[in-house]
There are 2 protein chains.
Amino acid sequence: MKSTINDVAARAGVSIKTVSRVINNEPSVRPATRKKVMDAVEELHYQPNLAARNLAGTRSYTIALIYDNPNAYYVIDMQNGILEACKARGYELLIHPSNSKSDTVNDELRALVEHSKVAGVVLTPPFSETQSVIDEVNKLDLDYVRIVSSGAAEGDEENCIQVDDTAAAFDITKHLIEHGHKRIGFLSGGEEHVSTHGRLDGYKQALQQAGINLAPELVIPGEYSFDSGVAGAKALLESDTPPTAIFASNDEMAAGALFAARLMHIEIPEQLSIVGFEDSPFSRQTWPKLTTAHQPNNEIAKCAAALVLNKARSKGAAESAAANKEAGITKVFVPELLVRDSTGDSPAG
Amino acid sequence: MKSTINDVAARAGVSIKTVSRVINNEPSVRPATRKKVMDAVEELHYQPNLAARNLAGTRSYTIALIYDNPNAYYVIDMQNGILEACKARGYELLIHPSNSKSDTVNDELRALVEHSKVAGVVLTPPFSETQSVIDEVNKLDLDYVRIVSSGAAEGDEENCIQVDDTAAAFDITKHLIEHGHKRIGFLSGGEEHVSTHGRLDGYKQALQQAGINLAPELVIPGEYSFDSGVAGAKALLESDTPPTAIFASNDEMAAGALFAARLMHIEIPEQLSIVGFEDSPFSRQTWPKLTTAHQPNNEIAKCAAALVLNKARSKGAAESAAANKEAGITKVFVPELLVRDSTGDSPAG
DNA sequence: CGCCAATTTGACAGCGTTGTCATTTTGCTC
DNA sequence: GAGCAAAATGACAACGCTGTCAAATTGGCG
């Protein structure tokens with residue numbers, strides 16, 4: 001049967017408090033004692049009971065992941081990365097899909113703290129970039145990590161895992177320019193997403209560096225969806241001076257652009273180059289396969305989880321938080337250009 | 001501040017035990033008393049503490065979802081459906097992605113019970129169709145629900161939510177036949193999946209009903225992946241007597257078939273009809289959009305969760321389990337034919 | 001060898017519930 | 001209106017752990 005702290009204590013010949021000290025890595029335990037306890041833990045396959053810990057202690061052993069993202073692959077990657085980090089440290093993960101439109105996150109956050117006693121949260125866009133959410137989390141004295149597009153990290157770098165959309169978009173645009181493209185359409189995502197601004201900036205910077213003037217009519221507003229990709233691409237392609245390449249702010253919009261091009265009997269990449277962003281699985285399953293920027297979501301999630309977990313832990317135990325915190329945790333990620341089959345030389349020469 | 005059972009008891013002027021009885025729907029509480037307590041609960045926004053409940057009680061308030069499915073949309077739909085049911089009844093969900101290849105599920109299941117004290121599990125394919133897993137779950141005396149393809153429900157219908165792949169595949173094939181197709185290729189999924197057998201059966205039954213002889217060379221083995229869809233379709237289309245339609249066992253394979261057809265400059269649906277299965281989001285984002293069968297995963301998940309939750313609950317409280325159990329819970333789902341743009345009349349006439 | 005401060009260890013009281021069992025109250029019946 | 005079984009309620013001890021604080025042990029020094 002499942003063994004408890006009492007069993008371990010008896011076996012090691014110490015009090016339960018000492019066992020508690022050992023498993024929590026508290027100071028003031030003689031090495032010899034520590035070893036006795038560890039051996040007993042080993043032999044009995046002891047695992048502290050989470051419910052009891054949550055009930056008794058001031059700190060808790062569950063964290064939550066808050067998200068609202070239509071891309072299931074993104075969410076799954078995040079979950080798996082965090083789960084991995086949690087498992088390694090004996091934490092539990094509560095997943096919490098929320099609705100960014102309905103504005104109930106703050107209440108939900110409070111409920112999470114009061115009811116489930118979560119110790120920390122991982123915030124993903126758009127929540128991670130919403131001031132009221134950040135304020136609430138601070139007010140609740142919750143440990144948190146924000147996964148954000150670099151632009152949104154401001155003075156809070158300490159609590160952020162950044163994705164440098166600008167740098168990645170710069171690379172993508174440069175790739176297009178190197179293939180001779182001069183008129184490059186830009187399909188932007190929803191205004192409310194910091195990432196779309198970052199991507200637009202990268203696009204602009206690359207143009208500027210190449211000495212190409214920005215043509216405002218080539219930048220089309222949209223909203224990160226397949227349909228808006230179709231619409232945006234159509235608008236672009238039906239204009240008098242259509243672009244020779246289209247930079248879609250994410251893969252879904254790129255797939256939409258592909259769809260629109262097909263409808264108009266435009267050959268990809270011979271007559272038009274199209275790039276996406278994100279490297280979602282279906283970017284490999286389009287025809288032709290999409291050139292895109294790979295975002296290492298699983299890795300990002302792992303780092304994010306490690307960050308919150310370290311925070312929660314360093315509160316209780318007397319560890320060098322600063323030293324521990326940075327160990328092996330990447331805090332800025334630059335999505336990497338992935339050249340596949342949807343881009344080629346500009347037909348314009 | 002968070003209120004406890006003591007606060008409620010004080011406010012209602014009863015003992016905490018009585019409050020406990022009320023919130024657990026136990027008998028032997030006078031209606032007047034019950035009302036007093038309910039009012040107090042209401043006023044104080046009382047919510048029982050999960051950790052305490054899990055620690056003190058014999059039953060627990062967390063269930064787990066076990067899965068291993070590369071389709072992120074499937075997983076997310078499941079999660080959301082279950083989460084909804086959990087929230088409604090104050091349960092907590094632990095997600096547990098596992099690896100069906102590594103054969104460690106049983107150990108993980110045991111750990112889930114011993115360590116996290118889960119009350120029940122929702123099993124999805126392939127775990128729901130693996131005998132050793134079912135045995136283990138029974139051994140652990142866990143409440144469970146299996147989401148399975150009808151073929152795998154055997155004598156365990158009580159614990160199953162069935163998806164009738166055969167009926168749906170029959171409908172799909174019939175749709176093709178009605179469009180004049182006589183040579184219909186079948187791209188099958190992995191042998192180990194019960195669903196693929198069910199789908200193949202439906203295909204066969206439809207052919208038979210229409211008096212079409214089964215051409216064995218038209219049934220190609222595969223494994224539910226994009227690549228195997230490409231390969232299978234190629235094999236089919238390069239043969240001497242290619243089919244005029246292809247029934248892919250899932251959308252991913254159908255996308256692969258689409259890809260292969262494109263490579264071979266075959267027009268869809270003019271020269272070839274292609275159908276998928278599952279209605280995954282990207283089936284809407286292919287060109288042309290895929291005709292497929294819609295599987296209401298979210299709904300399926302809700303019913304599955306309701307089923308386990310009722311079981312767990314009926315153990316403790318004295319409710320008419322049977323009556324309660326069936327209330328509003330659908331146990332057999334037939335995916336529905338969704339005609340889009342990838343199917344049309346047979347070119348063969 | 002004894003004293004004292006620092007270090008290590010342990011006893012015990014919670015944490016917010018549920019389970020067990022004793023006690024009180026209710027509603028009959030005669 | 002007394003007597004009694006049944007129904008309703010409550011007191012109190014768990015559950016497995018952490019936090020607090022007191023007790024025991026250590027080791028350095030005179």
Side-chain angles (χ1 to χ4, degrees), chain A residues 1-37 41 44 46-62 90 92 114-117 119 312-313 315-318, chain B residues 1-37 40-41 44 46-62 90-92 114-117 119 312-313 315-318:
Chain A
M1 207 52 285
K2 193 171 51 170
S3 48
T4 76
I5 199 171
N6 288 295
D7 303 330
V8 177
R11 174 132 191 142
V14 299
S15 75
I16 59 168
K17 182 65 228 196
T18 297
V19 175
S20 171
R21 287 200 179 91
V22 172
I23 60 178
N24 287 296
N25 246 305
E26 285 170 34
S28 292
V29 178
R30 216 168 310 167
T33 314
R34 186 178 298 271
K35 180 164 185 336
K36 272 194 302 187
V37 174
V41 165
L44 298 173
Y46 170 69
Q47 284 232 290
N49 176 306
L50 248 153
R53 276 185 142 179
N54 280 336
L55 184 56
T58 48
R59 69 186 210 258
S60 106
Y61 291 82
T62 85
E92 201 179 63
E114 292 186 357
H115 185 215
S116 301
K117 203 178 176 185
R313 165 179 300 217
K315 256 189 193 167
Chain B
M1 201 54 284
K2 191 172 53 174
S3 49
T4 75
I5 198 172
N6 288 295
D7 303 331
V8 178
R11 176 135 192 139
V14 298
S15 74
I16 58 168
K17 181 67 226 192
T18 299
V19 176
S20 172
R21 287 199 179 90
V22 171
I23 60 178
N24 287 295
N25 246 305
E26 284 171 34
S28 292
V29 178
R30 215 168 310 167
T33 313
R34 188 176 299 271
K35 178 162 187 336
K36 271 194 301 184
V37 173
V41 165
L44 298 173
Y46 169 69
Q47 283 231 286
N49 176 307
L50 248 152
R53 277 184 141 178
N54 279 337
L55 184 57
T58 49
R59 70 187 209 256
S60 108
Y61 291 82
T62 86
Y91 276 69
E92 199 177 63
E114 293 186 356
H115 185 216
S116 301
K117 203 179 175 188
R313 165 179 299 217
K315 256 188 191 167

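We use all heavy atoms of the structure for the numbers below, so side chains are in, but hydrogens, waters and symmetry mates are not. Each chain gets a letter, A, B and so on, in the order the sequences are listed, and its residues count up from 1.
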Distance below 4.0 Å between B/Thr58 side-chain N/O and C/dG19 OP1 or OP2: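 For C/dG19, OP1 or OP2 has a side-chain N or O of B/Thr58 closer than 4.0 Å.
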
Under-4.0 Å side-chain N/O to phosphate OP1/OP2 contact, A/Ser20 with D/dT18: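 Looking at the OP1 and OP2 atoms of D/dT18, one of them is under 4.0 Å from a side-chain N or O of A/Ser20.
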
Could you please name the option among [options] that lies closest to any side-chain atom of [X]?
X       : options                : answer
B/Val14 : D/dG10, C/dG16, D/dC17 : D/dG10
A/Ile23 : D/dG16, C/dT18, D/dT18 : D/dT18
A/Ser15 : D/dG19, C/dT17, C/dA11 : C/dA11
A/Ser28 : C/dT17, D/dT9, C/dT8   : C/dT8

A/Arg30 vs A/Arg53, nearer the 5' end of DNA chain D by closest nucleotide: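 With A/Arg30 and A/Arg53 compared, the 5'-side residue is A/Arg53.
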
Position toward the 5' end of DNA chain D (nearest nucleotide), A/Thr4 or A/Arg21: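 Final value for this comparison: A/Thr4.
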
Difference in axis direction between the ends of the helix from C/dC1-D/dG30 to C/dC30-D/dG1, five pairs, 10°: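 Its terminal axes enclose an angle near 50°.
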
Would you kindly give the [atom1]-to-[atom2] distance between [X] and [N], to the nearest whole Å?
X       : N      : atom1 : atom2 : answer
B/Asn24 : C/dT17 : CG    : P     : 11 Å
B/Asn6  : C/dT17 : CG    : P     : 8 Å
B/Glu26 : D/dA8  : CD    : P     : 13 Å
B/Tyr61 : C/dT17 : OH    : C1'   : 9 Å
B/Ile16 : D/dA11 : CD1   : P     : 9 Å
B/Asn54 : C/dG16 : CG    : C1'   : 12 Å
B/Ile5  : D/dC12 : CD1   : P     : 16 Å
B/Leu55 : D/dT18 : CG    : P     : 12 Å

Straight-line distance of A/Thr18 OG1 to A/Ile23 CD1, nearest 0.5 Å: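 With rounding to 0.5 Å, OG1 (A/Thr18) is 11.5 Å from CD1 (A/Ile23).
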
Backbone N/O of A/Tyr61 and side chain of A/Asn54: donor-acceptor pair under 3.5 Å: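 The answer is yes, because a donor-acceptor pair under 3.5 Å joins these two groups.
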
Any donor-acceptor pair under 3.5 Å from A/Asp7 side chain to A/Thr4 backbone: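 Yes, the answer is positive, given that a donor and an acceptor are paired below the 3.5 Å cut-off.
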
Test item: side-chain donor near acceptor, B/Arg11 and B/Asn6, under 3.5 Å: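 No, B/Asn6 and B/Arg11 have no side-chain donor paired with an acceptor closer than 3.5 Å.
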
